[in-house]
Amino acid sequence: MARPRPTKTPKIEPGIWWQGDQANLVVDFLTNGQDLCNGDGAHMGPFGINGSGTEFRLLYIANALQTQGLGEDGLPPTGGSPTPYYTIESEDTTKYYITNEDEAYGRATAYLTETSDGQLVYRTISSVEVVEDDAFAWHLIFQPQTCYYLLRNAKSGKYFTFRSGSIRTAEVAEPAGQESFHLMRGRVPVILGAGDQTVNTKGYWICEGKRNVETPPALQANGEGGTITVANQDFTNSATSQRWVFLTADQVRLADEAKSPWTRKSCAVTLPGLKRCPKFRTTTCRVMLQPLLRLW
């Protein structure tokens with residue numbers, strides 16, 4: 001009898017469900033929606049192989065596909081790095097704006113750009129300004145022969161590159177291995193906006209994943225002056241400062257439209273109290289509150 005599907009994504013613990021997308025898509029398809037990837041801390045289910053001679057051909061095929069999915073979700077083969085694949089269904093000509101997944105580090109209020117000498121920086125900018133400035137726009141170019149991505153700035157034409165232990169940008173005639181990056185999808189849903197105006201997506205680790213190491217170098221926001229650092233990839237859900245959200249111009253605008261907390265109803269509740277405050281009589285206070293007074 002097939003076990004029931006979970007109604008929500010649980011924590012990753014021995015004996016329950018796997019959180020990654022790819023392995024679950026494989027199992028969901030092969031079981032016609034009756035099961036998901038699971039394990040007990042030692043055995044993989046439902047397509048684990050316990051020995052030879054008793055299994056049938058489909059089981060071996062399913063096992064290989066589920067194992068491939070686990071690698072794509074970030075569980076690397078022994079001595080290797082996570083398996084790259086077509087994580088973002090991108091178009092080469094589309095402009096993407098890259099913000100950090102962590103709200104404390106300016107999610108949807110700060111975006112990646114570069115300096116003239118190729119340093120990556122993370123700067124606060126409005127949604128109106130960011131979509132009009134190609135210095136903050138990036139093209140994602142998928143390489144099907146390797147399953148890695150190139151990231152090229154829309155204004156300068158420079159590429160992300162990994163050199164001397166850091167991720168920066170450089171002008172190159174023919175992008176090669178140093179310019180190829182693994183975009184590994186996170187497991188935590190990222191919901192931007194509110195109500196009917198939401199963007200439901202996920203963050204991605206931007207990794208130099210070609211050196212066959214289990215924890216490859218990953219781009220990380222440190223929240224100090226907009227600087228960007230590189231650290232060993234942290235696979236935990238809590239590593240939000242290492243995951244980056246890729247938004248189109250329409251998604252940037254949609255997320256921004258739902259951010260304003262000011263409505264006529266909320267102003268009607270708060271402004272009478274503000275008017276009774278002695279500090280409201282000062283010129284500075286009245287000037288600062290003028291936009292709010294117009295709504296009221």
Side-chain angles (χ1 to χ4, degrees), residues 3-13 15-29 31 33 35-39 66 68-75 82-91 94 96-112 122 127 130 138 140 142 149 151 181-207 209 218-221 223 233-261:
R3 65 190 64 167
R5 298 182 68 185
T7 57
K8 61 181 180 180
T9 304
K11 294 180 180 179
I12 299 178
E13 295 175 351
I16 57 173
W17 309 95
W18 178 251
Q19 279 190 323
D21 291 339
Q22 294 302 102
N24 276 324
L25 285 172
V26 168
V27 175
D28 182 77
F29 174 77
T31 63
D35 210 344
L36 292 176
C37 182
N38 58 82
Q66 187 175 355
Q68 171 79 10
L70 289 170
E72 292 173 352
D73 287 334
L75 183 64
T83 307
Y85 72 105
Y86 189 38
T87 53
I88 300 178
E89 296 182 7
S90 59
E91 297 290 339
T94 299
Y96 295 91
Y97 304 87
I98 307 173
T99 187
N100 195 257
E101 182 180 316
D102 196 318
E103 290 186 79
Y105 290 165
R107 186 173 78 186
T109 60
Y111 292 85
L112 274 182
Y122 188 52
S127 61
V130 74
W138 302 88
L140 301 182
F142 181 70
Y149 286 82
L151 294 89
F181 287 85
H182 179 198
L183 303 184
M184 187 185 132
R185 183 185 296 153
R187 298 170 294 272
V188 181
V190 176
I191 300 176
L192 304 174
D196 295 333
Q197 301 185 53
T198 59
V199 177
N200 194 340
T201 184
K202 287 187 176 180
Y204 295 79
W205 283 274
I206 303 177
C207 298
L219 194 69
Q220 177 173 298
Q233 184 179 6
D234 182 346
F235 292 93
T236 62
N237 287 348
S238 60
T240 49
S241 65
Q242 283 193 359
R243 291 194 295 272
W244 301 87
V245 180
F246 294 78
L247 301 173
T248 64
D250 287 342
Q251 289 174 323
V252 169
R253 297 187 189 99
L254 186 63
D256 186 68
E257 287 174 1
K259 284 192 298 187
S260 176

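Hydrogens, waters and symmetry mates are skipped; everything else that's a heavy atom, side chains included, is used.
Checked against the 6.0 Å centroid criterion, the rings of Y111 and W138 do not qualify as a close aromatic pair.
Looking at V245 and V199, their side chains never come closer than 4.5 Å, going by heavy atoms from C-beta outward. Counting heavy atoms from C-beta outward, Q19 and N237 have side chains that approach closer than 4.5 Å.
Here the side chain of T240 pairs no donor or acceptor atom with the backbone of D102 at under 3.5 angstrom. The main-chain N or O of W18 is found under 3.5 Å from a side-chain atom of N24 such that the two form a donor-acceptor pair. Between the side chain of N100 and the main chain of S241, a donor-acceptor pair closer than 3.5 Å is present. Formation of a donor-acceptor pair under 3.5 Å by the W205 side chain with backbone atoms of D234 is found in this model.
Only one option out of D21, D73, T87, T201 pairs with R185 in a side chain to side chain donor-acceptor pair (under 3.5 Å); it is D21.
For the atom pair OG (S90) and CZ (F246), the distance works out to 9.5 Å, reported to the nearest 0.5 Å. M184 CE to Y85 OH: the interatomic distance, rounded to the nearest 0.5 Å, is 8.5 Å. Here the straight-line distance linking atom NE2 of H182 with atom CD1 of I206 works out to 11.5 Å at 0.5 Å rounding. Rounding to the nearest 0.5 Å places CG of L254 at 7.0 Å from OG1 of T198. To the nearest 0.5 Å, the span separating CG on L140 from OG1 on T94 amounts to 9.0 Å. The CG atom of L247 sits 11.0 Å away from atom OG of S127, with the distance rounded to the nearest 0.5 Å.
Residues that satisfy the salt bridge (Lys or Arg N to Asp or Glu O under 4.0 Å) test with E103, not counting sequence neighbours, are R107. Applying the ring-ring contact (aromatic ring centres under 6.0 Å, His included) rule to Y96 yields no partners; only residues at least two apart in sequence or on another chain are considered.
For the residue pair Y204 and K202, the shortest heavy atom distance occurs at CE1-O, 3.2 Å. Closest of all the heavy-atom pairs between T99 and G106 is OG1-O, 3.3 Å. Looking at every heavy atom in both residues, V130 comes nearest to Y97 through O-CE2, 3.3 Å.
Within a 6.0 Å sphere centred on OH of Y86, other residues, nucleotides and ligands contribute more than 12 heavy atoms.
Using a 30° and 60° split on the angle between ring planes, Y122 and W244 fall in the perpendicular class, above 60°.
Look at D250 and R253 and you find a salt bridge, because one of the NZ, NE, NH1 or NH2 atoms lies within 4.0 Å of a carboxylate O, short of that distance.
Here salt bridge (Lys or Arg N to Asp or Glu O under 4.0 Å) pairs that include residues 239-249, with residues two or more places apart or in two chains, are E101-R243.
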